[in-house]
2 protein chains.
Amino acid sequence: MTFNYQYPRPAVTVDCVVFGFDEGDLKVLLIQRGIEPFKGAWALPGGFVQMDESLDEAARRELGEETGVTDLFLEQLYSFGRVDRDPRERVVSVAYYALINLNEQSIKASSDAANAGWFNLDDVPNLAFDHQTILETGIARIRGKVRYQPIGFELLPEKFKLSQLQHLYEVILACQLDKRNFRKKLLRMKVLEELDEIEKDVAHRAARLYRFDKTKYEDLIKKGFHFDL
Amino acid sequence: MTFNYQYPRPAVTVDCVVFGFDEGDLKVLLIQRGIEPFKGAWALPGGFVQMDESLDEAARRELGEETGVTDLFLEQLYSFGRVDRDPRERVVSVAYYALINLNEQSIKASSDAANAGWFNLDDVPNLAFDHQTILETGIARIRGKVRYQPIGFELLPEKFKLSQLQHLYEVILACQLDKRNFRKKLLRMKVLEELDEIEKDVAHRAARLYRFDKTKYEDLIKKGFHFDL
DNA sequence: GCAAAAGTGTTTCTCGTACACCCATGG
DNA sequence: CCATGGGTGTACGAGAAACACTTTTGC
């Protein structure tokens, strides 16, 4: 069975830049391609958009199939349409980026792809297609967005220490932050809920745990509050 | 002649939200549709992506065909892919937004479309397809982006008065700004070149003209400078 | 008692904000 | 001389930045 159209059409795919944070490093999920072209090369997870699903749905479906994770932060990134970005034929790819906490979730490390793995951002191999560009666009996006949107929390467990949060920002922004100033700033914002719990079984003073309070955050936004760094 | 594919494919279009500023108001360019569906309704300019052009090229070509303007600020906005966004068939639209100065450029007010016109933002009619959503996304984008990227200058003539710039910001951000503080802030940034020229033939004290210095701006960026409001 | 991370305050300085009057020009 | 918009300075307060020591815990 084939489908006939009066004019030629690009194929439409979604590709996902999935960022994970595993208690120290920011990583990205890659899939090793099992078929040509670029067989054996690493690539971003993705696939064709079906006719009965929206772009968002396609991205979420692909991610579920390839990682087993369905409940994550997912946002459209950019669409890539260079004429020759796929050697076989014209393909337009709508890229998404996702944020995931690698401690809480257990990620299905493979699927129909030959292999899958988490790569440290400065240790990424050459990627298939224009996926290097897509990845760079994704990195630029979270670098920019983390400063004025509370997306960092998506990469942490629900309950976290302030030092974890600070370290996350330091990794993403590639800079050093002052502990006291960081704490003052975050706590002054009033978007963190201070929990009664503290971490357990550590060989040093146990840290207090916090939780991001989305409700409070949204209330503040309505009042004109701007999250900033 | 028809084109046959093994799997069905969405059609791919580009749609453009073209913002213009005409010495007082922020406007958007709309086209009155000459054909079904939504014949007679107003819509964003746009059209199908050809197989031999990238998405950016498609947007620029459509804009050239419908407005006669080719040299303008154009940036990808978002891709829209709701399954039923076009009643005829599945269409994925990659939306762009463009900024244009309506004083300097003379806009070809029509083309193959039945009619075209500039609409004040709070005077936009019901739009075809999901173009209302696309327009709102575009408005949200410039509202957000104008604060931390120097895109406002794209809407002004090359040489402008500080009061024009301030008024532009007031319109886009829908707020009042203090004249003295606004001037101090902008001049402190050192991205404006103070020209020797002043405006002519006005029934009041003539204003000094300024020009945005892109080179200085890019130098500052490299040094870690952040444009902000 | 030592290693390792948690937690805490003060000072300085920059910048955001609020605010009112005189200036230049054309008609 | 009047209407219109152009142009300027200061005082206050909030928050950014810089900076070092004590606390708690497990081993």
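By convention in this document, chain letters (A, B, ...) are assigned in the order of the sequence lines, proteins followed by strands, and residues within each chain are numbered from 1. Quick caveat, the model's predicted, so the values are computed rather than measured.
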- prompt: Does the pair B/Tyr97 and B/Glu75 meet the rule for a side-chain hydrogen bond (donor to acceptor under 3.5 Å, both in side chains), with working shown?
  reply: CA-CA 6 Å; B/Tyr97 73 103; B/Glu75 207 169 82; 2.8 Å; yes

Touch class at under 4.0 angstrom, heavy-atom based, for A/Asp201 against every strand present: nothing

task: Just call it for A/Arg183: base, sugar-phosphate, or nothing, with non-hydrogen atoms closer than 4.0 Å on any strand.
output: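 Base contact - A/Arg183 has a heavy atom under 4.0 Å of at least one base atom.
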
task: May I ask you to list the residues of residues 216-224 of chain A, by number, that have any heavy atom positioned under 4.0 Å from an atom of DNA chain D?
output: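 Nothing qualifies; none.
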
query: Is the closest side-chain donor-acceptor distance between A/Tyr78 and B/Tyr78 under 3.5 Å?
result: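 There is no such pair between these side chains.
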
Which whole-number value in Å describes the distance from [X] [atom1] to [N] [atom2]?
| X | N | atom1 | atom2 | result |
| --- | --- | --- | --- | --- |
| A/Arg205 | D/dC27 | CZ | P | 18 Å |
| A/Leu209 | C/dA5 | CG | P | 17 Å |
| B/His167 | D/dG7 | NE2 | C1' | 19 Å |

query: Considering heavy-atom distances to DNA chain D, does B/Asp178 or B/Gln164 have its closest nucleotide positioned more toward the 5' end?
result: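 Closest to the 5' end, via its nearest nucleotide, is B/Gln164.
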
- prompt: So which nucleotide from D/dG15, C/dC15, D/dG7 ends up closest to the side chain of B/Arg188?
  reply: C/dC15

message: If you only use heavy atoms from C-beta on, which nucleotide in D/dG6, C/dT17, C/dG9 is closest to the side chain of A/Asn181?
response: C/dG9

Between the base of [N] and the side chain of [X], is one N or O donor paired with an acceptor at under 3.5 angstrom?
| X | N | value |
| --- | --- | --- |
| A/Lys185 | D/dG15 | no |
| A/Arg180 | D/dA20 | yes |
| B/Lys184 | D/dT10 | yes |
| B/Lys161 | D/dG6 | no |

5'-most by nearest nucleotide on DNA chain C - B/Lys179 or B/Leu229: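 Comparing both residues, the 5'-ward one is B/Leu229.
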
query: Which sits closer to the 5' end of DNA chain C, A/Leu162 or A/His204, going by the nucleotide each is nearest to?
result: A/His204

